[in-house]
Amino acid sequence: MKKRSSPSLDAPQPLDPAVFHAALLKWYKRHARDLPWRGVDDPYATWLSEIMLQQTRVATVIERYQEFLLRFPTIRALAEANEDDVLALWSGLGYYRRARMLHRAAQFVTRELKGKLPRTAEELRTLPGVGDYTSAAIASIAYGESVAVVDGNVERVLLRVLGRPEDKGAATRALIQETAQSLIPPQPVRRTRANPCGDHNQAMMELGATICTPRSPLCLQCPVLELCQTRGEHITGERTQMQSRTVAHLLVRRRRGTREEVLLSRRPEDASLMPNMLELPPLPIDAVEGLEPVLRVRHSITNTNYYVMIFAERIAGLPPQTEDLSDEIALVTDETVTHAVSDLSKLDPEDIPFVAETPGEDDELSLLSAIPTAQTDMFWFPATRLPALAITGLTRKVLQRLGVMQIPKPVRRVP
DNA sequence: AAACCGTGGCT
DNA sequence: TAGCCAAGGTT
């Protein structure tokens, strides 16, 4: 057996683009992960995957991508949906502005571009929610344009290859951009099925995600180790310091006939954080002092760690409605949130029946009255409809953990 | 141009 | 009840 050469510990070779992309592509062919959006010949699907992947882990996107495509299979279907339904499909993914901008962009493409997605990075860049990275990603992956993507992975890989520290300055950004573009392989002379640029871009990101990781990179498995000036972690800048806050939310349930209902409040339209989304009603923190929550969860939002306490109470049930719309609503699974809201009773503070089902627990039934109803509108929803609503990720997490909302069945991948 | 926008998993 | 940060874009 021939002795295999061990990874060279010699001084790094100069960065030769042909050597680099040959080594990278060879590695990629062997190690590329089988992701649902790979090998899909639909630019809309590529677009959707790139939006979902913005600042979001691959594992998280895998769970949501298929479901979204099944519900909105085309740009036109997405354009014709209402925003609440789009947000419901996005619920839990975070950065909800992405969903709103994707929705608006789909409407723009449908109305102004005859349903045709632009084919170049330059034109794609004009769509809402599509910036430098995403426009290059769609153009190269879906249309084979020779344009380099620069995301967090590519930036880290190139800084390490070049032996540079992290630096937000314009000069370093330009250097990264130029280096990335210089490594793009030449286009095939004739039109073929092959997409060297799209593959190269994905390979760069794959390398950063699986080998050239932020901490503890696996340099001995790196296909371009011999071209790398760093071979390990590079110098990074300071991170903004995290904050901590304690908040409380209330889970209120009632029975209407045989149906279980949950009270949710809609966040203000002008809220900076998750506007218009539904959530468990927030409780003033001083209303729960000394009380023990039924659940504690940590929930980080950007640079704030929220330490969340959940309190729960049940209020007396109501008889089934005389004109019972409830079954209809529960059965029509793709009805909109708007319909659901208008068909359901809005909470009228005067009508809250403060009657304990279990006598002698009056203390715990005071929490609903602690909610300042003036600034939030609250609605009752059947528990069965919760998966179809635009609820915040925190509310989704809590409702699942408390068994109020069933975990939606994962969508099977279509072969 | 620095700050903001969500969430989950890993260490 | 700590910190990091991911296939970024917008303001």
Side-chain angles (χ1 to χ4, degrees), chain A residues 32-33 35-38 46-65 87 90-102 104-105 124-138 140-141 148-157 166 168-170 173 180 198 200-210 212-216 233 236-247 267 271-275 277 279 285 293 296-309 390-398 400-401:
Chain A
R33 293 169 291 181
L35 303 177
W37 47 89
R38 290 208 169 135
T46 303
W47 177 23
L48 174 67
S49 72
E50 291 302 339
I51 300 294
M52 280 194 170
L53 285 163
Q54 287 171 7
Q55 297 288 285
T56 307
R57 294 175 186 286
V58 165
T60 304
V61 174
I62 286 176
E63 295 175 10
R64 306 306 209 83
Y65 166 80
L87 288 173
W90 210 269
S91 168
L93 272 176
Y95 289 126
Y96 298 99
R97 195 166 48 187
R98 292 182 298 173
R100 295 192 166 93
M101 289 188 295
L102 176 66
R104 276 181 233 141
L124 287 161
R125 178 73 177 76
T126 66
L127 297 176
V130 178
D132 290 335
Y133 163 77
T134 306
S135 58
I138 300 171
S140 62
I141 295 169
V149 302
V150 177
D151 74 330
N153 289 309
V154 175
E155 176 182 334
R156 182 175 59 256
V157 168
E166 182 179 87
K168 301 296 181 190
R173 270 214 317 283
H200 173 91
N201 280 335
Q202 293 188 75
M204 287 290 286
M205 295 189 281
E206 190 98 349
L207 184 67
T210 63
C212 195
T213 50
R215 282 168 296 179
S216 307
E233 296 178 7
T236 56
E238 297 291 313
R239 300 296 183 255
T240 57
Q241 201 179 329
M242 295 208 73
Q243 313 274 317
S244 287
R245 283 188 56 193
T246 301
V247 297
R267 295 178 58 82
S272 69
L273 205 62
M274 300 170 282
M277 302 282 288
E279 67 179 356
I285 195 66
R296 292 175 186 271
V297 295
R298 191 185 77 152
H299 194 72
S300 316
I301 291 184
T302 58
N303 70 332
T304 303
N305 275 333
Y306 289 90
Y307 293 94
V308 184
M309 296 183 289
I391 56 180
T392 67
L394 170 60
T395 295
R396 172 176 290 257
K397 180 161 71 180
V398 167
Q400 285 181 352
R401 214 170 284 188

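Sequence lines set the chain letters: A, B, ... in the order given, protein chains first and strands last, and positions in each chain run from 1. Note that these values count all heavy atoms, side chains included, but never hydrogens, waters or copies made by symmetry.
- At the heavy-atom level, A:R33 lies under 4.0 Å from base atoms of the strands shown.
- Contacts of A:G92 with the nucleic acid, taken as non-hydrogen atoms under 4.0 Å apart, involve only primed sugar atoms and P, OP1 or OP2.
- Per the geometry, CD belonging to A:E233 stands 13 Å off C1' belonging to B:dT11, to the nearest Å.
- A:M204 has its side chain out of reach of A:V150: every pair of non-hydrogen atoms, C-beta onward, lies at least 4.5 Å apart.
- Using a 4.0 Å heavy-atom distance criterion, A:N303 is classed as making no nucleic acid contact.
- A 4.5 Å side-chain heavy-atom check between A:S49 and A:V61 finds every atom pair outside the cut-off.
- Using a 4.0 Å heavy-atom cutoff across all strands shown, A:T302 reaches at least one base atom of the nucleic acid.
- Computed from coordinates, the A:N305 CG to B:dT7 P distance equals 13 Å when rounded to whole Å.
- No side-chain heavy atom of A:H299 sits under 4.5 Å from any side-chain heavy atom of A:V247.
- Counting any heavy atom pair closer than 4.0 Å across all strands shown, A:L93 reaches a base atom.
- Spacing of P atoms, B:dT11 relative to C:dA7, comes out at 15 Å, to the nearest Å.
- No contact: A:M52 has no heavy atom under 4.0 Å from any strand.
- Protein atom CE of A:M274 is 9 Å distant from nucleotide atom P of B:dC5, rounded to whole Å.
- The same atom, P, is picked in C:dG9 and in B:dG8; the two are 22 Å apart, to the nearest Å.
- You'll find the side chain of A:I51 stays beyond 4.5 Å of the side chain of A:M101, heavy atoms only.
- Residue A:Y65 is tested with A:W90, A:W47, A:W37 for a ring-ring contact (aromatic ring centres under 6.0 Å, His included); the sole match is A:W37.
- Both A:S300 and A:D132 lie close to DNA chain C; mapped to their nearest nucleotides by heavy-atom distance, the more 5′-ward contact belongs to A:S300.
- Judged by closest nucleotide on DNA chain C, A:R57 is the one of A:R57 and A:G152 placed further toward the 5' end.
- Counting to the nearest Å, the C1' atom of B:dG9 and the CZ atom of A:R215 are 11 Å from each other.
- Contact annotation: A:Y306 side-chain N/O to B:dG6 OP1/OP2 distance is not under 4.0 Å.
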Under 3.5 Å, which donor-acceptor pairs link side chains of residues 237-246 of chain A to any protein atom two or more places apart or in another chain?
| from | atom 1 | to | atom 2 | distance (Å) |
| --- | --- | --- | --- | --- |
| A:R239 | NH1 | A:E166 | OE1 | 3.0 |
| A:R239 | NH1 | A:G237 | O | 3.0 |
| A:R239 | NH2 | A:E166 | OE2 | 3.3 |

Quiz prompt | side-chain hydrogen bond (donor to acceptor under 3.5 Å, both in side chains) evaluation trace for A:R98 with A:Q55 | solution = CA-CA 11 Å; A:R98 292 182 298 173; A:Q55 297 288 285; over 6 Å; no
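- For the P atoms, the distance from C:dC4 to B:dA3 is 16 Å, rounded to whole Å.
- Using a 4.0 Å heavy-atom cutoff across all strands shown, A:I301 reaches at least one base atom of the nucleic acid.
- For the pair A:K168 and B:dA1, the criterion of a side-chain N or O lying under 4.0 Å from OP1 or OP2 is not met.
- Using a 4.0 Å heavy-atom distance criterion, A:A59 is classed as making no nucleic acid contact.
- Where A:R298 and A:R98 each meet DNA chain B at their nearest nucleotide, the meeting point lying more 5' is that of A:R98.
- At the heavy-atom level, A:S49 lies nowhere under 4.0 Å from the strands shown.
- The nearest whole Å value for the distance from the CG atom in A:L87 to the P atom in B:dG6 is 10 Å.
- In this structure, CD of A:Q243 is placed 13 Å from C1' of B:dA3, rounded to the nearest angstrom.
- One atom, CZ of A:R97, and another, P of B:dT7, lie 14 Å apart when rounded to the nearest Å.
- Between the CD atom of A:Q54 and the C1' atom of B:dG8 there is a distance of 18 Å, rounded to whole Å.
- Note on A:H299: a side-chain N or O is less than 4.0 Å away from OP1 or OP2 of B:dT7.
- With a heavy-atom cut-off of 4.0 Å to chain A, the contacted part of DNA chain C has its first and last nucleotide at C:dT1 to C:dT10.
- A:T213 places no side-chain N or O within donor-acceptor distance of the main-chain N or O of A:A209, the cut-off being under 3.5 Å.
- Side chains of A:Q54 and A:Y133: no donor on one and acceptor on the other come within 3.5 Å.
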